[in-house]
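Right, one structure below, let's go through it.
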Amino acid sequence: MTRAVLLRALTKNKFVASNAPRSISISISITNLSRCISTLILAEHESGSIKPQTVSTVVAANSLGENSSISLLLAGSGSSLQEAAAQAASCHPSVSEVLVADSDKFEYPLAEPWAKLVEFVRQQGDYSHILASSSSFGKNILPRVAALLDVSPITDVVKILESNQFIRPIYAGNALSTVRYTGGGPCMLTIRSTSFPVTPITVDSESRKATISQIDLSNFKEDSASKSRYVGCSTQDTERPDLGSARVVITGGRALKSVENFKMIEKLAEKLGGAVGATRAAVDAGYVPNDLQVGQTGKIVAPELYMAFGVSGAIQHLAGIKDSKVIVAVNKDADAPIFQVADYGLVGDLFEVIPELLEKLPEKK
């Protein structure tokens with residue numbers, strides 16, 4: 001009977017939201033910020049395309065104030081950079097300018113050259129705000145830029161109240177703090193992209209393209225002794241949606257016990273047209289690559305449907321899924337913490353439940 005209810009819930013197209021963290025107010029004072037709002041956004045791109053989290057950061061920048069100017073900063077080399085710049089110019093109607101740094105120094109997104117570039121561009125543009133997404137890219141670069149500019153960054157912003165007042169989660173997402181920035185330097189933020197969804201761009205909006213400007217790097221000076229070097233990059237060749245922006249996420253935990261068993265999660269994700277996620281324990285056990293880790297130390301997700309199989313519900317994992325619209329949990333331990341946040345829960349053996357779901361669920365359309 002319980003499994004039948006679960007199947008009916010999964011075949012619905014509409015999900016109901018629940019579970020929001022408690023909100024508290026904390027004021028952090030630094031110094032005075034009072035000038036025109038001009039925002040510089042560090043843009044992520046790959047294979048000639050702007051990543052969705054960059055567009056979400058643009059949406060967040062719109063909340064800083066009316067009539068504010070937004071510039072996207074792209075760095076790299078070759079034809080893929082120019083393709084990404086052309087897409088960035090029309091990715092959102094609020095973008096007024098795309099700045100392009102074309103040099104072999106930025107062939108790979110290393111923190112040191114990128115930080116020096118942002119400092120170089122900021123000296124020319126005098127931006128009041130510098131934003132990046134709360135991805136590995138933004139978290140790697142922005143703190144180093146903040147150190148160079150001697151300011152304190154505000155991380156994981158989930159809501160912008162004013163140009164200098166923001167909301168961010170604390171205590172693994174169990175509380176929300178209100179932070180007021182009053183510093184003299186640029187206000188630096190990392191944006192949690194799941195909190196700023198992107199609305200579809202209309203035809204009229206696509207016709208408004210931002211200007212593309214090449215940055216003159218003749219006076220740019222890079223650190224002679226870099227403390228990091230590029231080793232390599234590997235990506236999975238899959239048709240599944242990106243974990244950070246997927247509508248449906250299927251996650252497996254350590255209870256799957258092996259790499260072979262984890263393939264059941266992958267098959268279920270393919271059937272539902274969703275992305276595959278994993279707990280830290282599953283990643284540490286070597287079942288899947290670490291780029292599939294969901295949680296405070298992994299990726300933050302906010303799908304319409306989040307399904308957790310063999311996931312106990314550790315605090316750091318729950319911090320990464322709290323914004324999910326509907327959470328479904330399957331675990332043979334009735335006292336598992338995951339059931340406290342789940343909208344639908346099934347106490348059962350995942351090695352029996354998943355095959356039954358694979359058999360009875362319709363194919364994705």
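Residues Arg168 and Leu176 form no side-chain contact, since every pair of their non-hydrogen atoms from C-beta on lies 4.5 Å or further apart. No side-chain heavy atom of Tyr127 sits under 4.5 Å from any side-chain heavy atom of Thr39. Leu357 places a side-chain heavy atom less than 4.5 Å from the side chain of Met307. Between Leu305 and Val249 the shortest side-chain heavy-atom distance does not fall below 4.5 Å. Residues Ile154 and Met188 form no side-chain contact, since every pair of their non-hydrogen atoms from C-beta on lies 4.5 Å or further apart. Contact check for Val118 versus Leu73: side-chain heavy atoms found under the 4.5 Å cut-off. Put simply, the side chain of Thr194 does not reach to within 4.5 Å of the side chain of Val301, judged on heavy atoms. Between Ile338 and Leu318 there is a side-chain heavy-atom pair separated by less than 4.5 Å.
Of the N and O atoms on the side chains of Thr279 and Gln293, not one donor lies less than 3.5 Å from an acceptor on the other residue. With no hydrogens or angles considered, no side-chain donor-acceptor pair links Ser193 and Ser133 at under 3.5 Å. Side chain to side chain, Glu97 and Ser69 fail the donor-acceptor criterion of an N or O pair below 3.5 Å. For Asp156 and Ser134, the side-chain atoms include at least one donor-acceptor pair closer than 3.5 Å.
Atom CG of Asp102 sits about 5.0 Å away from atom CG of Leu81, to the nearest 0.5 Å. The line from CD1 of Ile160 to CD1 of Ile167 is 10.5 Å long, rounded to the nearest 0.5 Å. Taken from OG1 in Thr190 to CG in Asn140, the straight-line distance is 12.5 Å, to the nearest 0.5 Å. The distance from atom OG of Ser135 to atom CD1 of Ile191, rounded to the nearest 0.5 Å, is 11.5 Å. In this structure, the separation between NZ on Lys221 and CZ on Phe120 is 10.5 Å, given to the nearest 0.5 Å. In this structure, the separation between CG on Leu358 and CD on Glu356 is 10.5 Å, given to the nearest 0.5 Å.
Aromatic ring pairs are classed by plane angle as parallel below 30°, tilted from 30° to 60° and perpendicular above 60°; the pair Phe137 and Trp114 is perpendicular. Using a 30° and 60° split on the angle between ring planes, Phe262 and Tyr287 fall in the tilted class, from 30° to 60°.
No donor-acceptor pair closer than 3.5 Å links the side chain of Asn290 to the backbone N or O of Val283. A donor-acceptor pair under 3.5 Å links the side-chain atoms of Ser103 to the main chain of Lys105, judged by distance alone. Distance alone, capped at 3.5 Å, places no donor-acceptor pair between the His129 side chain and the Pro186 backbone. Side chain of Gln316 to main chain of Gln296: a donor-acceptor pair is present (N/O by atom type, distance under 3.5 Å, no hydrogens or angles). A donor-acceptor contact shorter than 3.5 Å links the side chain of Ser96 to the backbone of Ile70. Listed for the His45 side chain is a donor-acceptor partner under 3.5 Å among the backbone atoms of Ala75. Thr54 contributes a side-chain N or O that, together with a main-chain N or O of Glu44, makes up a donor-acceptor pair within less than 3.5 Å. Looking only at distances, a side-chain donor or acceptor of Lys271 sits under 3.5 Å from a matching main-chain atom of Leu361.
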Derivation and outcome, side-chain contact (heavy atoms from CB on, under 4.5 Å), residues Tyr181 and Ser163: CA-CA 9 Å; Tyr181 181 86; Ser163 62; over 6 Å; no

side-chain contact (heavy atoms from CB on, under 4.5 Å) between Lys263 and Ile265, worked out: CA-CA 5 Å; Lys263 291 180 179 178; Ile265 297 293; over 6 Å; no

Test log, rule side-chain contact (heavy atoms from CB on, under 4.5 Å), inputs Ile50 and Leu74: CA-CA 9 Å; Ile50 294 295; Leu74 279 74; 3.9 Å; yes

Audit row: Lys116, Arg144, side-chain contact (heavy atoms from CB on, under 4.5 Å) steps and yes/no: CA-CA 9 Å; Lys116 295 294 290 185; Arg144 183 175 290 272; over 6 Å; no

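Of all the heavy atoms in Ser71 and Leu99, the pair that sits closest is CB-CD1, 4.5 Å. When all heavy atoms of Ile37 and Ser128 are compared, the closest pair comes out as CA-OG, 3.3 Å. Taking both residues in full, the closest heavy atoms of Ala282 and Gly252 are given as CB-O, 3.9 Å, listed atom of the first, atom of the second, then distance. Listed here is the closest heavy atom pair of Ala132 and Gly138: CB-CA, 3.9 Å. The minimum heavy-atom distance linking Ser90 with Lys209 is given by the pair CB-CG, 3.9 Å. Heavy atoms only, all atoms of each residue included: Pro303 and Ala246 are closest at CB-O, 3.4 Å.
Under a hydrophobic-cluster definition in which Ile, Leu, Val, Met, Phe, Trp and Tyr are linked whenever side-chain heavy atoms come within less than 4.5 Å, directly or via other members, Val341 and Val347 are assigned to the same cluster. Taken together through direct or relayed side-chain contacts under 4.5 Å among Ile, Leu, Val, Met, Phe, Trp and Tyr, Leu217 and Leu110 form parts of separate hydrophobic clusters. A single hydrophobic cluster is not seen to contain both Ile300 and Ile327; linkage of ILVMFWY side chains at heavy-atom distances under 4.5 Å, directly or through other members, places them apart. With hydrophobic clusters built from ILVMFWY side chains whose heavy atoms lie under 4.5 angstrom apart, Val288 shares a cluster with Val248. There is a path of hydrophobic side-chain contacts, each under 4.5 Å, that joins Leu72 to Ile130.
No salt bridge links Glu304 with Lys325; every basic N to acidic carboxylate O contact stays at or beyond 4.0 Å. Ion pair Glu119/Arg122 not flagged as a salt bridge, since none of the NZ, NE, NH1 or NH2 atoms sits closer than 4.0 Å to an Asp/Glu carboxylate oxygen.
Proximity of the aromatic rings of Phe106 and Phe220 is defined here by a centroid distance below 6.0 angstrom, and this criterion is met.
Shown are Asp343, Thr251, Asp323; of these, the side chain to side chain donor-acceptor pair (under 3.5 Å) with Tyr306 is made only by Thr251.
Heavy-atom contacts from other residues, nucleotides or ligands closer than 6.0 Å to NZ of Lys267 number 12 or fewer. In this structure, Ile315 places its CD1 atom where only 12 or fewer heavy-atom neighbours from other residues, nucleotides or ligands lie under 6.0 Å away.
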